[in-house]
Amino acid sequence: MTDRFTHIEAIKAVVFFGEQRNDAFSALLQFEQSQIVYTVTNADLTSVLQRVLSLEINCDDLALWANLLEIRGDIDHTQVEGALYALANPDQMGALTMDKVSKLIALIDK
């Protein structure tokens, strides 16, 4: 039931790892990506990473999330580009661990 999301609602559900994110993923398929609708901030990323540390989000889901944010043309991720790259490419950047997540949060908060 994708028609219950507006474009921005679907993006926010995905960016913030909302309870309805799976429905939001599907909803995003119907929206154009030609215009930026949302900008991911350091605070957004830190919030998601904190949820990884509290075991609400697993590392595999985090990597998929980072990949999606990187490829969407309607999401500006330039502020967190390096961190998303590291999260989305564990084969190149090394396996994601809780220690790495903690260090990433510390780097973002500087």
Side-chain angles (χ1 to χ4, degrees):
M1 178 167 258
T2 60
D3 59 340
R4 66 181 170 181
F5 289 98
T6 65
H7 194 171
I8 189 69
E9 288 170 341
I11 286 177
K12 284 183 176 183
V14 169
V15 168
F16 296 118
F17 253 89
E19 288 183 21
Q20 297 178 326
R21 75 180 173 280
N22 290 332
D23 291 337
F25 283 132
S26 298
L28 285 177
L29 297 174
Q30 72 181 346
F31 297 112
E32 292 287 324
Q33 297 185 50
S34 58
Q35 182 177 353
I36 292 178
V37 175
Y38 188 80
T39 299
V40 181
T41 66
N42 285 335
D44 296 339
L45 179 58
T46 298
S47 174
V48 169
L49 294 175
Q50 291 288 357
R51 292 176 60 201
V52 171
L53 290 179
S54 67
L55 305 177
E56 291 176 55
I57 300 169
N58 70 47
C59 291
D60 289 339
D61 286 343
L62 182 64
L64 291 172
W65 172 84
N67 272 297
L68 177 71
L69 268 56
E70 279 190 319
I71 64 170
R72 291 291 302 186
D74 50 358
I75 299 174
D76 177 7
H77 63 276
T78 53
Q79 189 176 120
V80 297
E81 190 169 34
L84 285 183
Y85 180 83
L87 295 171
N89 296 286
D91 292 341
Q92 294 174 341
M93 304 302 287
L96 192 58
T97 64
M98 293 301 171
D99 185 52
K100 286 183 182 178
V101 171
S102 294
K103 288 178 181 175
L104 189 52
I105 291 170
L107 286 171
I108 293 167
D109 287 343
K110 283 187 175 183

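- When all heavy atoms of Ala88 and Glu70 are compared, the closest pair comes out as CB-OE1, 3.4 Å.
- No side-chain heavy atom of Leu69 sits under 4.5 Å from any side-chain heavy atom of Val80.
- In terms of heavy-atom proximity, Phe17 sits nearest to Asp61 at CZ-O, 3.7 Å.
- Within a 6.0 Å radius of NZ in Lys100, other residues, nucleotides and ligands contribute more than 12 heavy atoms.
- Closest heavy-atom contact between Ala10 and Ala27: CB-CB, 4.1 Å.
- In terms of hydrophobic clustering, with Ile, Leu, Val, Met, Phe, Trp and Tyr side chains grouped at heavy-atom distances under 4.5 Å, Leu107 and Leu62 are assigned to different clusters.
- Atom CG of Leu28 sits about 6.5 Å away from atom CG of Leu68, to the nearest 0.5 Å.
- Between the side chain of Ser102 and the backbone N or O of Met98 there is at least one donor-acceptor pair closer than 3.5 Å.
- Note that CG of Leu45 and CD of Gln50 are 10.5 Å apart. Values are rounded to the nearest 0.5 Å.
- Distance alone, capped at 3.5 Å, places no donor-acceptor pair between the Gln79 side chain and the Thr41 backbone.
- We find the CG-OG1 distance between Leu104 and Thr46 to be 8.0 Å, quoted to the nearest 0.5 Å.
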Could you walk me through whether Gln92 and Tyr85 pass the side chain to side chain contact (heavy atoms under 4.5 Å, CB included) test, one step at a time? CA-CA 10 Å; Gln92 294 174 341; Tyr85 180 83; 2.4 Å; yes

In sequence, state the C-alpha distance, the side-chain angles, and the governing distance for Phe5 and Gln20, and then conclude on side chain to side chain contact (heavy atoms under 4.5 Å, CB included). CA-CA 10 Å; Phe5 289 98; Gln20 297 178 326; 3.8 Å; yes

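- To the nearest 0.5 Å, atoms CD1 (Ile11) and OG1 (Thr6) are separated by 9.0 Å.
- Smallest separation of non-hydrogen atoms from Asp44 and Thr39: OD2-O, 3.7 Å.
- Heavy atoms only, all atoms of each residue included: Cys59 and Val52 are closest at SG-CG1, 4.3 Å.
- Glu56 places no side-chain N or O within 3.5 Å of a backbone atom of Arg51 that could act as its donor or acceptor partner.
- Nearest approach of Val40 to Ile75, heavy atoms of both residues: CG2-CG2, 3.5 Å.
- Clustering ILVMFWY residues whenever any of their side-chain heavy atoms sit less than 4.5 angstrom apart, transitively, puts Leu29 in a cluster other than the one holding Val15.
- In this structure, Ser47 OG and Ile57 CD1 are separated by 7.5 Å, a value rounded to the nearest 0.5 Å.
- Under 3.5 Å, the side chains of Asp99 and Thr97 contain no donor-acceptor pair of N or O atoms.
- Taken from NZ in Lys103 to CG in Leu49, the straight-line distance is 14.5 Å, to the nearest 0.5 Å.
- Taking the six-membered ring where tryptophan is involved, the planes of Phe31 and His7 are essentially parallel, since the angle between them stays under 30° and well short of 60°.
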